[in-house]
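Notes follow once the structure below has been shown.
In this chain, residues are counted from 1 in sequence order.
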Amino acid sequence: MMNRMYGFEGEVKSKYSADMVELFTEVYNLLPLCHLLNRRVLVMHGGLFNADGVTLDDIRAIDRNRQPPEEGLMADLLWSDPMPQPGRAPSKRGVGCMFGPDVTRAFCDRNGLDYIIRSHEVKEEGYEKAHDNRCITVFSAPNYCDQMGNKGAFITMTGKSMEPTFTTYDASP
């Protein structure tokens, strides 16, 4: 449903085929909610949580084999967004929450993480560092919905440092 609503299905059909859309859907249904890199960087689609004290073990305990609910840890991982102010606020999306730099710091410190990476918002340059560089947004779809004019980006991390390097690119015709 989300792929259809936001243009991904149409783009894949126009550039490839309807069979390719089905393949993407199967893959997406099997993807994990997040991934821990070198036990130091947590990558997710949305962001952090409405609740304090969430641990990596709490995330591991989520039942992934279901449609995302309207609230709870799974919904927060998929739909939450950072904000510059401390604390939490209701999300403009109606699900998940807005979370501040203090929430990011507490979550990373509690779980021994250097930073988090998320991908859930269009960024003009394809990426944005926030919350004292502990919350990185990377958005890989350039010219989102054929109208935003944004760059796309991806992150490369090498070696033990886990320092992110950003590569940006423009949309292809």
Can you confirm whether T137 sits close enough to S119 that some side-chain heavy atom of one is under 4.5 Å from a side-chain heavy atom of the other?
no
With sequence neighbours excluded, residues passing ring-ring contact (aromatic ring centres under 6.0 Å, His included) with Y6:
none
Transitively linked via ILVMFWY side-chain contacts under 4.5 Å: I117 with L31?
no
Using a strict cut-off of less than 4.0 Å between a Lys/Arg side-chain nitrogen and an Asp/Glu carboxylate oxygen, indicate whether R60 and D57 qualify as a salt bridge.
yes
Checking T25 side chain against V21 main chain: does a donor-acceptor pair fall under 3.5 Å?
yes
Just so I know, are the side chains of M98 and Q85 near enough to count as touching, which here means a heavy-atom distance under 4.5 Å?
no
Contacts table for residues 124-133: side-chain donor-acceptor under 3.5 angstrom, sequence neighbours left out:
residue	atom	partner	partner atom	Å
E128	OE1	K123	NZ	3.1
H131	ND1	T104	OG1	2.7
H131	NE2	M83	O	2.8

Side-chain donor-acceptor distances from residues 138-146 under 3.5 Å, at least two apart:
residue	atom	partner	partner atom	Å
N143	OD1	Q147	N	3.3
N143	OD1	M148	N	3.3
N143	OD1	G149	N	2.8

List in chain and number order the residues that pass salt bridge (Lys or Arg N to Asp or Glu O under 4.0 Å) with D109, two or more places apart in sequence or in another chain; answer none if no residue qualifies.
R134
Side chains of I136 and R118 in contact at under 4.5 Å (non-hydrogen atoms)
no
Look only at the side chain of N111 and the backbone of L56, and say whether a donor-acceptor pair between them is shorter than 3.5 Å.
yes
Going hydrophobic residue to hydrophobic residue with side-chain gaps under 4.5 angstrom, can you get from Y115 over to L77?
no
Heavy-atom pair with the smallest gap, counting every atom of A75 and P69
CB-O, 3.4 Å
Donor-acceptor list for residues 34-52 side chains, cut-off 3.5 Å, not counting sequence neighbours:
residue	atom	partner	partner atom	Å
R40	NE	D114	OD2	2.7
R40	NH1	K160	O	2.4
R40	NH2	D114	OD2	2.7
R40	NH2	S161	O	3.1
H45	NE2	H120	ND1	2.9
N50	ND2	D76	OD1	3.3
D52	OD1	R88	NH1	3.0
D52	OD1	R88	NH2	2.9

Say whether, by atom type as modelled, one donor and one acceptor occur between the side chain of N3 and the main chain of F8 under 3.5 angstrom.
no
D19: partners by salt bridge (Lys or Arg N to Asp or Glu O under 4.0 Å), with sequence neighbours left out
none
To the nearest 0.5 Å, tell me how far R64 CZ sits from M74 CE.
5.5 Å
Just do the ring-ring contact (aromatic ring centres under 6.0 Å, His included) check on F154 and F166 with the steps written out, would you?
CA-CA 6 Å; F154 64 88; F166 300 92; 9.8 Å; no
Just do the side chain to side chain contact (heavy atoms under 4.5 Å, CB included) check on C135 and F99 with the steps written out, would you?
CA-CA 10 Å; C135 179; F99 61 95; 4.2 Å; yes
Please evaluate residues L33 and I62 with respect to the criterion side chain to side chain contact (heavy atoms under 4.5 Å, CB included), reporting the C-alpha separation (whole Å), side-chain torsions for both, the decisive distance (0.1 Å), and the verdict.
CA-CA 9 Å; L33 292 172; I62 297 170; 3.6 Å; yes
